[in-house]
Structures are given as C-alpha cells and as structure tokens.
Amino acid sequence: MTKIRNMEEFARLTGISRPTVSKYFNDPESVRKTTRDRIEQALAQYDYRPNIFAVNQNRKLTKNIGIVVPYLADPFFAEIARCIERRCIDSGFWPILFSSHGDQALENSILDSLRSLKPAGVLLAPLGRRSDRARIEKFCKDVPTVLFDSYIEGVGEAFVGSDNAQFVDQIVEYLCRTGEAPCFLEMQPVNPNANKRRNAYISVMERLGHAPTVLRVAGEGWEFEKVGYEGALHVIDNRQLVTNTVLCSNDRLAIGFLTGCYERGLRIGHGPDCALRVAGIDDHPFSRFTCPPLTTVAQDYEAVSNRSTRILFDLIEGGRSGQARSETLFEGRLVMRASA
C-alpha cells in the first residue's frame, strides 16, 4: 500500500534502473520482454502511473503539441481539433488544446502559456484580423508553428486551409444553374475567410453576368446562429430579398437564417410550393440535420488536419532547415440537400 510519488521511487522499489523504467514508459516495446513483464507486474501491484506531462517538461524537447483554435464551441473547430488530436496521439505526441474565444488578449496569453510548456510545435488557427500580428510573428520565430484555417500572410512555417474562392465558385454556379441567382448574406467578418468568400461571390456573379447583391446583417462575435436568425427576420420584414435564393457566408449563419424563415412561415426548398432556397458553406457537422437539410460545400476536415500535422511533425523531426514557407489549399465538395 506504499504511495509512490514519482518514477525514481517506482524504479527503486522494483529494482529496475530509472533509465529502463523511463524507456518503458516512452515505448514499452523498446525493453526486453522479461523486463517489460516485471514492470507491468509492478504497475499492477502498486497501481502507479507516471505523470506524463511532468515527464514531458523534463525533456530537452518535449512531446507536447499545442493546438489553438478561435472558438471551440463552434463544431467546425471542434471537428478539426478532434482530427488533429487523434493524429498527434497516434504519432506519440501529447496534444494540449486551447480556445481563444475570439479574444485577442486571450490569444496572446495562450501563446505566452505555450512558451512555458515548451511545446515541440504548435498548430494555430489564429483569429485573423483580430490577432496581434507582431505577437504571433515573434512566437512563430521561437516555436515551430503551422497555421491552419485562418490566413496571416507570411506568418508561420506553413499555412494549410481551404480554397474559399473555389468553394464559392462551385456553390454560386450550381445555384445559378438550378434557379435564380443568389444574394449573399454575411455579418461583420471575424476572420479573413469571410472577406475572401464575399469577394469570390462578387467575382463569380459578375463573370456569370449577374448583378451581385450583398446583404450584411447586424451582429458581431461568434454567435453566428443568432446573427443569422435576427438577420433573416430583418431582411424578410424589410423586403430586402431581391431574389428567392440566399447564399449565406457560412453554415452557422444559414442555420440561424432557416429558423428565421420558419418563424415567418416561409417554406424552404426547391419545389413549387417553396418561397426560398437557402445554401451555406462549410458542411458544418449539424448541416445535414437542419430542417430542411442544408445545401452546402463541404470542408475536407481530414485533409486539412492530416496535412497540418504532417508538416509540423516533419519540422519537429527534421528541424527548421530554412525551407521556403509552404501554403496548401484544399478544394471543397458540393453537397446538394433539400434546402436548395
């Protein structure tokens, strides 16, 4: 019933050297089977488990990987973070997840905290236009960092994201081909992706010979569904919809917009008894469960997370050799559902 406080005490009690015990906890297959059996019998007897986090901190190069997202309550970022965490764990790293909650001061504080954790590398989805560029630049010079989702020009060892222009081009062409040309519903942009999507909408509409209509509804922050809902009530009540097709800047806005339409008694869909068609962008994890299910363009979550982690692992293993900064954009996939 002896309480074992650390690995040194465990090694002394079992009669196995401290380096061998440490080697076992790093990789059980790296020690002889007879030694492995002795350690595992002792673990069962004494119910000892090492503090892996503390072990990490004592290394010259830790196995910690920092993951920073703008808003973990957003299922899009939760899904990306889940994929990245899984990849880190499978590769023998210890992922530590942070959310900046859309707050620049908190994002800066997270970067300071990460320094004290001595991460082997960091995967950062910055706030973008709200970020402190100088602070992020300095951090990236000190710590191997790959940016994903939100672009800051020239910052980090690499950027991995989605081809927003291709996303918008694909959905606008589809909506124009199958019905009235869409207007574009947006809110105050919270990151560069929103601006890229609006500009892409204007460009493809003009290329197709249609007059673009951008409706910016009131609202800031990360409560996109609420902004979309209140925006729907406003544009419907004030008769601002010049077309029966609405493309929302992202799926979360579209989810709120659908609720506003329901409240005003408007039927959404493609049939003759429908008042509006509504589409979004991202293939938010809840989009297929809206009523009606939402037409959208799907992000490639697996590809973004896999490429981001692969680049970071290569940096960690090979060192920062002065290679040119890389940028990778993945295309989206049109998902046709009942809303459009």
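These numbers were taken from a predicted model, which means no experiment stands behind them.
Asn64 places a side-chain N or O within 3.5 Å of a backbone atom of Leu117 that can act as its donor or acceptor partner. Panel note: side chain Thr243, backbone Thr245; a donor-acceptor pair is recorded below 3.5 Å. Side-chain atoms of Asp169 do not come within 3.5 Å of backbone N or O of Ala165 as any donor-acceptor pair. With hydrogens and angles disregarded, a donor-acceptor distance shorter than 3.5 Å links the side chain of Ser91 to the backbone of Arg87. Under a 3.5 Å cut-off, the side chain of Asp251 and the backbone N or O of Ala254 do not form any donor-acceptor pair. Glu180 places a side-chain N or O within 3.5 Å of a backbone atom of Asn244 that can act as its donor or acceptor partner. Here the side chain of Ser339 pairs a donor or acceptor atom with the backbone of Val278 at under 3.5 angstrom. Side-chain N or O atoms of Ser113 include one that pairs as donor or acceptor with a backbone N or O of Ser109 at under 3.5 Å. Thr290 places no side-chain N or O within donor-acceptor distance of the main-chain N or O of Phe286, the cut-off being under 3.5 Å.
Shortest non-hydrogen contact noted between Val31 and Thr20 is CG1-O, 3.9 Å. The two residues Thr145 and Val143 come nearest to each other via the heavy atoms OG1-O, 2.8 Å. The two residues Leu106 and Ser99 come nearest to each other via the heavy atoms CD2-O, 3.7 Å. Considering all non-hydrogen atoms of both residues, Ala232 and Phe257 come closest at CB-CD1, 3.4 Å. Smallest separation of non-hydrogen atoms from Pro192 and Leu127: CD-O, 4.5 Å. Of all heavy-atom pairs spanning Pro126 and Ser150, the tightest one is O-CB, 3.2 Å.
One finds no salt bridge joining Lys141 and Glu137 here, because no Lys/Arg side-chain nitrogen approaches an Asp/Glu carboxylate oxygen to under 4.0 Å. Checked for salt-bridge contact, Glu327 and Arg325 meet the test: a charged N lies under 4.0 Å from a carboxylate O. Here Arg130 does not pair with Asp103 in a salt bridge; the nearest charged N to carboxylate O distance is not below 4.0 Å. The existence of a salt bridge linking Arg207 and Glu173 is confirmed by a sub-4.0 Å separation between a basic side-chain nitrogen and an acidic carboxylate oxygen.
Between Trp222 and Phe224, the ring planes lie parallel to each other; the angle is under 30°, not in the 30° to 60° tilted range. Below 30°, between 30° and 60°, or above 60°: for Phe93 and Phe313 the angle between ring planes is below 30°, a parallel geometry.
With values rounded to the nearest 0.5 angstrom, Leu334 atom CG is found 5.0 Å from Gln170 atom CD. Here the straight-line distance linking atom NZ of Lys63 with atom SG of Cys88 works out to 10.5 Å at 0.5 Å rounding. Atoms CE and CG, from Met336 and Leu294 in turn, are 13.5 Å apart once rounded to the nearest 0.5 Å. Of the inter-residue distances, the one linking Thr178 atom OG1 with Tyr174 atom OH reads 4.5 Å to the nearest 0.5 angstrom. Note: Ile39 CD1 to Thr14 OG1 = 7.0 Å, rounded to the nearest 0.5 Å. Of the inter-residue distances, the one linking Asn193 atom CG with Asn164 atom CG reads 4.5 Å to the nearest 0.5 angstrom.
Here the options are Thr309, Thr328, Leu123, Leu124, the test is side-chain contact (heavy atoms from CB on, under 4.5 Å), and the partner is Val146; only Leu123 passes.
Under the rule for a side chain to side chain contact (heavy atoms under 4.5 Å, CB included), the partners of Glu85 that lie at least two apart in sequence or sit in another chain are Ile67, Pro95, Leu97. Not a single ring pair (Phe, Tyr, Trp, His ring centres under 6.0 Å) links Phe98 to another residue, sequence neighbours left out. For Phe184, the ring pair (Phe, Tyr, Trp, His ring centres under 6.0 Å) partners are Tyr201, not counting sequence neighbours.
In this structure, Val122 is a member of the same hydrophobic cluster as Leu147, with clusters built from ILVMFWY side-chain heavy atoms closer than 4.5 Å. The cluster map of Ile, Leu, Val, Met, Phe, Trp and Tyr, joined by side-chain heavy atoms under 4.5 Å apart, puts Ile202 and Val204 in the same cluster. Linking ILVMFWY side-chain heavy atoms closer than 4.5 Å, directly or via other members, places Ile236 and Val217 in a single hydrophobic cluster. No path of Ile, Leu, Val, Met, Phe, Trp and Tyr side chains, each step under 4.5 Å between heavy atoms, connects Ile171 with Ile255, placing them in separate hydrophobic clusters. In the hydrophobic cluster analysis, where Ile, Leu, Val, Met, Phe, Trp and Tyr join through side-chain heavy atoms closer than 4.5 angstrom, Tyr262 is grouped apart from Val235.
In this structure, a donor-acceptor pair under 3.5 Å is absent between the side chains of Ser131 and Gln104. Ser308 and Ser305 share no side-chain donor-acceptor pair at under 3.5 Å.
In Glu223, the CD atom is not crowded: 12 or fewer heavy atoms of neighbouring residues, nucleotides or ligands sit closer than 6.0 Å.
Between Glu186 and Leu215 the shortest side-chain heavy-atom distance does not fall below 4.5 Å. Residues Leu312 and Ile65 meet the side-chain proximity criterion, which asks for heavy atoms closer than 4.5 Å. Counting heavy atoms from C-beta outward, Leu247 and Val172 have side chains that approach closer than 4.5 Å.
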Salt bridge (charged side-chain N to carboxylate O under 4.0 Å, His left out) assessment of Arg333 paired with Asp300
CA-CA 8 Å; Arg333 173 177 53 87; Asp300 195 336; over 6 Å; no

Start with the C-alpha gap between Ile84 and Val304, add the side-chain angles, then the distance that decides, and say whether side-chain contact (heavy atoms from CB on, under 4.5 Å) holds.
CA-CA 9 Å; Ile84 289 174; Val304 171; over 6 Å; no

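Among residues at least two apart or in separate chains, salt bridge (charged side-chain N to carboxylate O under 4.0 Å, His left out) pairs with a member in residues 226-242 are Asp237-Arg264. Identified under the salt bridge (charged side-chain N to carboxylate O under 4.0 Å, His left out) test for residues 272-293, with sequence neighbours left out: Arg197-Asp282, Arg267-Asp273, Asp283-Arg337.
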Which atom pairs, one a donor and one an acceptor, fall under 3.5 Å between side chains of residues 68-77 and the rest of the protein, sequence neighbours left out?
{"unit_1": "Asp74", "atom_1": "OD1", "unit_2": "Phe76", "atom_2": "N", "d": "2.8"}
{"unit_1": "Asp74", "atom_1": "OD2", "unit_2": "Arg252", "atom_2": "NH1", "d": "2.9"}

